[in-house]
Amino acid sequence: MYDKTTLGLDDGLRVVNAVVEAARAAGPRTWPGVAVAVVDKEGELIAAARMDGMAPRFIRAAHRKAYTAAVMERDTAGVMEFWNRQESAGHRGPPDWNDPMLTTLPGGYVVKYGTKIVGALAVSGGSGDEHRDDYFADIAIKALGDGFRHTSAWEEKHPGD
């Protein structure tokens, strides 16, 4: 029997709330906020939010980043490294991957618990050196609690991961 472990709604809401609170507390800023998305291990949306004033494109970007991290099983920064290697070998990158949801935008984190991939999360709309998307994505990982982590590299897989 196949046992699937994945993020759930409570996890998703915890991430969304932590990111929104952090963005609100970021102090004076030139941007209205962020968008955040949490997906299960297949890239299906669990929870998402777009702060007031953010253009709709930011929530779509957050969803695509989270989706990419989940299905590619690594952070989008790692997907970019992979794409660069593929490009040097003559491939065209994401259009060749046969999935229009894939992106190489930074800010998408695969979520692992132990060795298991349990979903992904992403933030879009961060700004400047201090409040980039990765800054908020780190807050999101911490909001999930002990044992949760992310990785930009593919790791050895085990049955059931």
Side-chain angles (χ1 to χ4, degrees), residues 6-85 87 93-94 97 99-114 116-155:
T6 190
L7 295 174
L9 179 60
D10 289 342
D11 302 311
L13 293 175
R14 196 164 49 255
V15 164
V16 167
N17 290 330
V19 170
V20 169
E21 286 175 26
R24 286 182 175 152
R29 58 185 193 248
T30 59
W31 43 277
V34 297
V36 56
V38 181
V39 299
D40 65 17
K41 67 187 295 177
E42 280 85 26
E44 295 299 321
L45 193 62
I46 296 170
R50 173 175 54 107
M51 292 177 69
D52 294 345
M54 295 299 294
R57 67 185 167 91
F58 289 100
I59 194 70
R60 289 190 295 270
H63 184 199
R64 287 184 63 206
K65 291 177 190 188
Y67 173 88
T68 300
V71 302
M72 296 296 285
E73 300 181 340
R74 65 192 305 175
D75 297 353
T76 54
V79 174
M80 178 57 101
E81 292 171 13
F82 171 71
W83 178 71
N84 287 337
R85 286 193 310 273
E87 185 179 43
W97 298 345
D99 189 338
M101 280 290 287
L102 293 175
T103 183
T104 56
L105 292 171
Y109 283 8
V110 65
V111 177
K112 297 190 88 174
Y113 189 81
K116 291 183 182 274
I117 295 167
V118 295
L121 57 87
V123 177
S124 182
S127 175
D129 292 336
E130 194 174 312
H131 298 111
R132 295 183 351 243
D133 294 346
D134 290 350
Y135 168 82
F136 293 108
D138 286 337
I139 290 169
I141 287 286
K142 288 177 186 153
L144 288 170
D146 292 338
F148 288 93
R149 63 186 179 88
H150 68 101
T151 180
S152 63
W154 280 306
E155 298 176 339

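Keep in mind that this is a model prediction, so the values were computed, not measured.
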**Taking every non-hydrogen atom, the tightest pair across A70 and A120** = N-CB, 3.6 Å

**Request:** Give the minimum heavy-atom separation between G107 and A137, together with the two atoms involved.
**Result:** O-CB, 4.1 Å

**Prompt:** Given D134 and Y109, is the side-chain contact (heavy atoms from CB on, under 4.5 Å) satisfied, shown in steps?
**Reply:** CA-CA 9 Å; D134 290 350; Y109 283 8; 3.6 Å; yes

**Asked** Tell me, do V36 and F136 make a side-chain contact under 4.5 Å, heavy atoms counted?
**Response** no

**Gap between atom CG of D99 and atom CZ of R64 - 0.5 Å precision** = 9.0 Å

**Request:** Verify, without hydrogens or angle tests, whether R132 (side chain) and S127 (backbone) share a donor-acceptor contact under 3.5 angstrom.
**Result:** no

**Prompt:** Does any non-hydrogen side-chain atom of T68 lie less than 4.5 Å from one of M101?
**Reply:** no

**Prompt:** Between the side chain of K65 and the main-chain N/O of P106, is any donor-acceptor distance below 3.5 Å?
**Reply:** yes

**Straight-line distance of H63 NE2 to E44 CD, nearest 0.5 Å** = 6.5 Å

**Asked** Can you name the nearest heavy-atom pair linking G108 to A122, along with the distance?
**Response** CA-CB, 3.8 Å

**Message:** Nearest 0.5 angstrom please: R57 CZ to S124 OG, how far?
**Reply:** 7.5 Å

**Request:** Answer whether the closest heavy-atom distance between the side chains of V111 and L7 falls below 4.5 Å.
**Result:** yes

**Asked** Are any non-hydrogen side-chain atoms of H150 and D138 less than 4.5 angstrom apart?
**Response** yes

**Message:** Measuring only between side-chain heavy atoms, which start at C-beta, is D11 closer than 4.5 Å to R14?
**Reply:** yes

**Asked** Are the side chain of T6 and the backbone N or O of V118 linked by a donor-acceptor pair below 3.5 Å?
**Response** yes

**Fill in**
Nearest heavy-atom approach of A69 to V110 is CB-N, 3.5 Å

**Item:** Heavy-atom closest contact (E42 atom, Y67 atom, distance)
**Value:** O-CE1, 4.0 Å

**Closest contact, heavy atoms only, V34 versus G126** = CG1-N, 3.9 Å

**Request:** Determine whether V20 and R24 make a side-chain contact, defined as any pair of heavy atoms from C-beta on separated by less than 4.5 Å.
**Result:** yes

**Message:** Using 0.5 Å steps for rounding, measure from the CD1 atom of I139 to the CG atom of L121.
**Reply:** 11.5 Å

**Asked** Can you tell if the side chain of L102 reaches within under 4.5 Å of the side chain of M72, non-hydrogen atoms only?
**Response** yes

**K112 side chain near T151 side chain, heavy-atom distance below 4.5 Å** = yes

**Prompt:** Would you say the side-chain atoms of D75 pair up with the backbone N or O of A77, donor to acceptor, closer than 3.5 Å?
**Reply:** no

